[in-house]
Amino acid sequence: MRRAATAALLAFFISIPLWVANLYVLHVLIVTGIFTIAAMSLNLLLGYTGQLSLGHVAFFGIGAYVSSLASLGFSVHLAPDWLVTLGPQPVWLAMLWAIAISGFCGWAIGRISFKVRGAYFVIVTISFAEVVRLVALNWDELTNGPMALNNIPPLTVSIPGLIEFSFIGKVANYYLVLAAAIVAYVVIARLVHSQAGRAMIALKENEPLAMSVGIEVTRYLVLSAVVSAAIAGMAGALYAQYIQIVDPNIFLFIYTVTMVIMVVVGGKGTLAGPIVGGLIFGLLPEGLRSLQIQPELQWVAYGVMMILIVSIVPRGIVPALAHVWNDRVRAKAGPAEASEAGARQAAQ
Amino acid sequence: MEEFFQHCVNAFMLGGIYALLGIGLTLIFGIMRVVNFTHGELYSFGAYMMFALVMLLHVNFFLALPLAMALGVALGAAIEFTLLRKLRGADIDTTMLVMIGAWIAMQNLEQFAWSGVAKSVKTPFPATPLVLGGLSVAWSRLFVFAVAIVLIGGTYTLVDRTRLGRAMRATFQDSDAAKLMGVDIDRVYLSTFALGSGLAAAAGALLGPIFVVSPGMGDLAALKAFAVVILGGLGSIAGATIGGFLLAFIEEMGAGYVSSGYRDAMGFLLIILVLVVRPTGLFSRKERIG
Amino acid sequence: MQRNFLKAMLCAAGTLALASSALAAEAVKIGVTQPLTGAFAADGNYVAQGAKLAAEAINKAGGVDGKQIQLIIEDNKSNPTEAAATAERLIVEDKVPVMMGAWGSSLTLAVMPKLEEYKVPMVVETSSSGKITTSGNPYIFRISPTSEMEAKAFAPLVKTMGIKKADFLATNDDFGKGSMQEFTKMLKAQGVTIGASETMGEDATDLSAQLAKIKASGGDTIFVTTDVKQLTLILKQAKDQQVTARIITTGGSVSPDQLIEQAGDAANGSYHLVFFTPWFPDAVKNPEAAKVFMDAWKGAKLDVGGLTEGFRGWDGIHTIAAAIKDAGGKTDSASITKALWGVHVKGVNGDIAFIKQGPAGRESGQSVPSVYLVKIDGGKVVKE
């Protein structure tokens, strides 16, 4: 049942460019997709491992900048008479660098979080994102500061002699982002359902208990941070090569907040949650735009929505819906099937 | 030498403001264990109230200041009553996310109400600064420093010498024990949040006329407040005061002699450094984990 | 009876729908992207207001060739990425054949790749960076002066003002840095020593560190390049520190009236390079055009301080309207682009006509506007 539903959903998403002719709608879907990938990665840290990282946009932005700088090439003075130059690299290589460096930053954050927990970890992560933003803003020689990095080349895959394909245009990028989203989903699902994943959940539920049972808390914390950051970095690199312009505002706290809203409202700690949340908060602003509602009022609504959802349905939309659905199933079925359904729900 | 003096003057003024922000936040953070994301919004609220009172309603500047602070106290009390009271006992994530939601709603309401164009508030001080020898100090900055010191002193007296203050300190040490001893926790929480918010609003009301009033001004202020809290240690007014001045001096000297672009980064780098090297803060003795 | 009534209503509704769609089909859309929020909100809003007044005036006079013009105004939030996004929205979703924008030089530079991608022309009304018209983008038509033009216009005054050593304070974006570059070149060519060259963030409110350094450098003149919001703060803080050097602002987006109102006494003694002098309307190149604009502005009860910025939007829309008229019945991007090359408009800031600038074969259009220097003295704007 679930597999059929997933397959149908996938087919639906794959078919979209075939019957949606409006380029702008495709554009919105692409950007929504990219932020949904970032939300999925945040969910790994926030929802599954229970770490309140509110600097997530730093990984996204670092991925974007590394990918852009590597594909554009740069030349910077690391010391008054020490000039470091890098020629433009192929975009696929630049994106790999982005993933690697973001992952490394995730490792660093993971290590710090071992020493510093709860609310203080929150503050450290926010500070980290702010520092990165200020560096991007002020180190003009490297990042162009507020003048932005422009004309970022799109991703090109080439097998010498056989094919050369550049992801230019909306349709190509739509499929690129869809493919990346599927890859990210699979990676996260694999991780969550593995032994490492179970350890992370144990860590979130009751850390001292987990430690007492012998689970290596640090190792799994760091692992989830690395994977989470790497995926966010990939999303950032995709963003950079699609939008083709990157400026320090990409590190603004409001983007972390957007991702947090997507995860929390959709359902943290579930695989489908960030996707649902991502689609809602990616498409809603554009849908509301035609109604001429001022953007500030939209954001007020999001704020209020978040308060309501967190207070009333703290686990988010997806778990709430799943709950309702399972209740229905249980009501219709007999006791034996009901307990089976209940067991399945508990295993999620 | 003159340049150095100018930086010192600036640092003293900013230090007072950072101390006000930090004290408010450390009380809320320490006593209520709430990561108050709306702190920055109270700051900008105070500034906007000054604008409304002085420029739109033509209230006397020196009267508008305590009015703006009172409005901040009222808003803080309202937030505590409507939002936080329901969340008593919820885990820290939930509370934090609710505060983030409130922060988004407040900031965008502010932008909707006042538009994104920055506003200026006229001060009654002469444009010509006070000149001592070869050094000059702007009257407005002197005033801000003086008022900040008064407010800090007042807060310290409130927490150290009054019954309410004693209740607050007891709650900070052990809220369960305090409850058992008959402390009215509801009243303590309400007062703490209202007081902290009032101090933030006062900081905004003081600083707004010196620079400009814009919707996003609270974001950076809130982050600096967090830096001060971490520097000074949780729940310590003295720590927050010293932390506030310390941050201001580091920022000012850094901006003057190293790079003005990175001035805001100093605070954050400091936080990261302190948390990684000496997690309990420079002055506090309490344990930090959790 | 009821059926006839129903039929009549349906007919009326149908006609109304047809009529409104016909009307809509008659409107020519112009996309406008301006910073309505963020660091440049003050100036961006003035430009947008000027544009709206121009559209109203043109429509009231019968529109362009019988067609009404419809402005679609987007907020680029003073941010380059957002500027590119607004251009994408206006062109792809709203299908505008022509644009005006994007105020700041970094914002305009961010929009330029979109113009090339979709082949849509844009009238640049404020940006001053030389790069905009020399990058080989044939869809750019600028009516504002470049920093180079400004510097050249100022050059003869260097000797008369007795400038020996100059310092700079500018925003760290294309606008500020570009101006700093051009003026430095011009001053050096006249033998002036350059002291401190300080930059500031677009959002920075505390400039005391930079001012302290500039004061220590000991120059006699400070060239400041930023918008009116930061300028107010700079003037006040310079007074706080008793900076005695004379301040000359460049870029034209300084709204001297607003400075007088908000900086008070601190504004006295400062000089400003502006591109429209509403205080001396008879001294401008086209006094009648200036009068029409000023009457419309005051009639709409808008802030008088915005006249020196709002005219840019006014002139920009009039330029586009003239091009649409010259293009005959066609309202597609290619026809408008072609028509822009031949416009002659009596703008509030001088005569607007485009000369070719940039690499051969891919030239951009640049007009040659007027530059004026004014001074604030005793709370008033005086001629210099």
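Every chain is numbered from 1, with letters handed out A, B, ... down the list of sequences. Just the heavy atoms: all of them, side chains too, but no hydrogens, waters or symmetry mates, feed the values below.
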Interface check, chain C: of I245(A), V28(A), I250(A), most non-hydrogen pairs under 4.5 Å belong to I245(A)
Those residues at least two apart in sequence (or on a different chain) that pass side chain to side chain donor-acceptor pair (under 3.5 Å) with E148(C) are K152(C)
The side chain to side chain donor-acceptor pair (under 3.5 Å) partners of Q357(C) (sequence neighbours excluded) come to T133(C)
Quick note, ring pair (Phe, Tyr, Trp, His ring centres under 6.0 Å) partners involving residues 72-94 of chain C, not counting sequence neighbours, are none
Distance-only donor-acceptor screen, chain C against chain A, under 3.5 angstrom:
from	atom 1	to	atom 2	distance (Å)
E74(C)	OE2	R289(A)	NE	3.4
E74(C)	OE2	R289(A)	NH2	2.3
N79(C)	ND2	D247(A)	OD1	2.7
N79(C)	ND2	D247(A)	OD2	3.2
T81(C)	N	D247(A)	OD2	3.3
T81(C)	OG1	D247(A)	OD2	2.1
E88(C)	OE2	K170(A)	NZ	2.7
R89(C)	NE	Y24(A)	OH	3.4
E93(C)	OE1	R289(A)	NH1	2.4
D94(C)	OD2	R289(A)	NH2	3.4
L109(C)	O	N150(A)	ND2	3.3
Y118(C)	OH	K170(A)	NZ	3.3
K177(C)	NZ	D140(A)	OD2	2.5

When the 4.5 angstrom heavy-atom criterion is applied to L137(A) and chain C, the contacting part is backbone
Honestly, the part of A84(C) sitting under 4.5 Å from a heavy atom of chain A is side chain
Applying a strict 4.5 Å limit to non-hydrogen atoms, the region of P80(C) in contact with chain A is both
Looking only at P113(C), A85(C), G104(C), most heavy-atom pairs under 4.5 Å shared with chain A are made by P113(C)
